[in-house]
Amino acid sequence: MDGNGRWARERGLPRSEGHRRGYEALREIVKASTDMGIEILTVYAFSSENWNRPRDEVDALMNLMADAARRELPTLQEYGVRVVVSGRLDGLPDRARQSLLEDMEATCANRRLILNLAINYGGRNEIIDAARSIAKEAVEGRLSPDEIDEKLFKRYLYQPDLPDPDLLIRTASELRVSNFLLWQIAYAEIWVTDVLWPDFTPETLAQAIADYQKRTRRFGAVVED
Ligand code: FPP
């Protein structure tokens with residue numbers, strides 16, 4: 001959800017106000033996604049590198065996420081949204097961790113949309129966490145190194161039951177992958193827009209999907225037109 005800071009700077013507002021408006025944009029996108037028949041939406045809300053931001057910005061983001069998780073629970077239930085979190089949850093402040101855990105538990109039977117919040121998430125960390133768990137099992141004799149293949153490795157990622165994303169949207173003209181879902185985006189289609197995240201609307205999302213639908217996916221193979 002890039003561009004919150006730039007959106008605020010353009011208006012002479014503090015960065016935290018950009019994040020607050022970014023959250024408002026996310027609310028609309030979650031609602032629109034349920035209407036559009038999107039089954040899984042993953043959003044990068046806080047990366048493992050974001051701890052390096054100024055202390056007051058990190059605090060504002062953590063408070064925003066804790067408050068939002070608590071406040072939005074009735075809406076999540078109304079729209080049939082199931083919340084899951086990808087990332088090192090145990091590294092979050094208590095209040096944010098607790099509110100997110102409550103949402104995950106309370107919404108676990110919802111089926112319309114899975115909202116996967118990447119929080120304290122890093123793609124390399126995710127791969128390291130998986131490698132550690134696999135190594136432990138190997139040391140304890142529960143699996144043999146020869147059994148390790150893509151299918152087995154995926155089972156140790158944060159969301160083993162979710163399919164790889166079809167479409168990766170980058171806002172605010174960023175042309176980097178930025179440690180996001182490194183394993184899962186192997187064949188994702190990338191769509192970049194100069195729209196800053198607080199200005200991202202359901203119409204922007206519809207445009208991204210319409211462009212995606214025009215593409216031919218090859219997954220490394222040759223496809224005749
Ligand atoms: C990146 O923009 C945005 C973030 C680091 C925070 C995104 C988080 C939210 C919108 C809150 C979401 C709320 C919930 C409940 C998950 P940036 O600050 O890097 O912007 P810049 O590139 O313009 O500086």
Side-chain angles (χ1 to χ4, degrees), residues 1-34 40-77 79 81-89 91-93 95-107 110 113-123 125 158-159 168-181 192-202 204-205:
M1 295 185 279
D2 269 296
N4 296 345
R6 273 164 277 180
W7 185 93
R9 194 171 61 230
E10 283 173 5
R11 290 162 180 77
L13 297 168
R15 293 176 63 83
S16 56
E17 182 57 19
H19 295 315
R20 201 189 61 74
R21 291 297 292 260
Y23 153 59
E24 299 287 339
L26 176 59
R27 283 191 98 232
E28 296 311 309
I29 293 303
V30 170
K31 287 189 197 169
S33 298
T34 63
I40 305 163
L41 176 70
T42 300
V43 291
Y44 208 173
F46 194 89
S47 77
S48 45
E49 289 73 33
N50 284 154
W51 296 109
N52 298 321
R53 293 188 174 209
R55 174 75 196 269
D56 61 341
E57 185 178 348
V58 171
D59 288 350
L61 272 169
M62 289 298 152
N63 287 330
L64 178 66
M65 290 189 286
D67 292 343
R70 198 149 288 173
R71 188 183 322 121
E72 299 300 343
L73 186 52
T75 315
L76 294 166
Q77 302 291 37
Y79 283 83
V81 179
R82 175 179 176 198
V83 173
V84 298
V85 177
S86 293
R88 292 181 175 168
L89 255 177
L92 294 179
R95 206 167 67 88
R97 189 180 61 252
Q98 277 310 327
S99 324
L100 290 163
L101 283 170
E102 275 165 38
D103 280 6
M104 284 162 65
E105 207 174 297
T107 64
N110 292 346
L113 171 75
I114 294 177
L115 175 62
N116 180 20
L117 300 172
I119 300 180
N120 195 17
Y121 176 86
N125 281 346
Y158 294 145
Q159 302 299 336
L168 169 64
I169 297 176
R170 278 234 66 164
T171 56
S173 312
E174 299 293 353
L175 296 175
R176 293 180 286 274
V177 168
S178 297
N179 205 13
F180 188 54
L181 301 179
V192 180
T193 175
D194 56 9
V195 172
L196 305 178
W197 176 255
D199 293 328
F200 194 96
T201 62
T204 331
L205 178 60

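Whatever order the structure lists them in is the order used to number ligands and atoms, beginning at 1.
Of the N or O atoms in R15, one or more lie within a sub-3.5 Å distance of an N or O in ligand 1. Taking any N or O of N4, backbone or side chain, at least one lies under 3.5 Å from an N or O belonging to ligand 1. Between R53 and ligand 1, an N or O atom pair is found at a separation short of 3.5 Å. Close N/O approach between G5 and ligand 1 is found [any backbone or side-chain N/O within under 3.5 Å]. For the pair Y44 and ligand 1, the shortest N or O to N or O distance does not fall below 3.5 Å.
Closest protein heavy atom to atom 3 (C) of ligand 1: M1 O, 3.2 Å. Scanning all protein heavy atoms for the shortest distance to atom 23 (O) of ligand 1 gives R6 N, 2.7 Å. Scanning the protein heavy atoms around atom 4 (C) of ligand 1, the nearest turns out to be H19 CE1, 3.7 Å. Nearest protein heavy-atom neighbour of atom 15 (C) of ligand 1: A68 CB, 3.6 Å. Closest to atom 11 (C) of ligand 1, if we only count protein heavy atoms, is L64 CD2, 3.8 Å. Of the protein's non-hydrogen atoms, the one nearest atom 13 (C) of ligand 1 is M65 CG, 4.0 Å.
For R71, the CZ atom is densely surrounded, since the number of other residues' heavy atoms within 6.0 Å is greater than 12.
Here the CG-CZ distance, from L168 to F180, works out to 6.5 Å after rounding to the nearest 0.5 Å.
The heavy-atom pair separating L76 from N110 by the smallest distance is O-ND2, 3.7 Å.
The option with the heavy atom closest to atom 8 (C) of ligand 1, from among S47, A45, A96, A60, is A45.
Residues passing the side chain to side chain contact (heavy atoms under 4.5 Å, CB included) test with S47, sequence neighbours excluded: Y44, E49, N50. Remark: V58 pairs with F46, W51, R53, M62 by the side chain to side chain contact (heavy atoms under 4.5 Å, CB included) rule, at least two apart or across chains.
For ligand 1 and Y23, the ligand atoms under 4.0 Å from any heavy atom of the residue are 10 (C). Interface of L61 with ligand 1, defined as ligand atoms under 4.0 Å from a residue heavy atom, comprises 6 (C), 8 (C).
Residues E174 and R6 are paired through a salt bridge, judged by an N-O separation under 4.0 Å between the basic side chain and the carboxylate. A salt bridge is absent between R21 and E24; no separation between the charged side-chain nitrogens and carboxylate oxygens falls under 4.0 Å.
The closest donor-acceptor contact from the side chain of T107 to the backbone of V83 lies under 3.5 Å.
Looking at I119 against ligand 1, nothing comes within 4.0 Å, counting heavy atoms. Residue-level proximity to ligand 1 for N50 is carried by the side chain, the only part with a heavy atom below 4.0 angstrom.
A 4.5 Å side-chain heavy-atom check between M65 and L100 finds every atom pair outside the cut-off. Counting heavy atoms from C-beta on, the side chains of N120 and L89 never come closer than 4.5 Å.
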For a side chain to side chain contact (heavy atoms under 4.5 Å, CB included) check, start with the C-alpha distance between Y79 and L113, then their side-chain angles and the critical distance, and finish with the verdict. CA-CA 8 Å; Y79 283 83; L113 171 75; over 6 Å; no
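Residue contacts with ligand 1 include G3, since one of its heavy atoms falls under 4.0 Å from the ligand.
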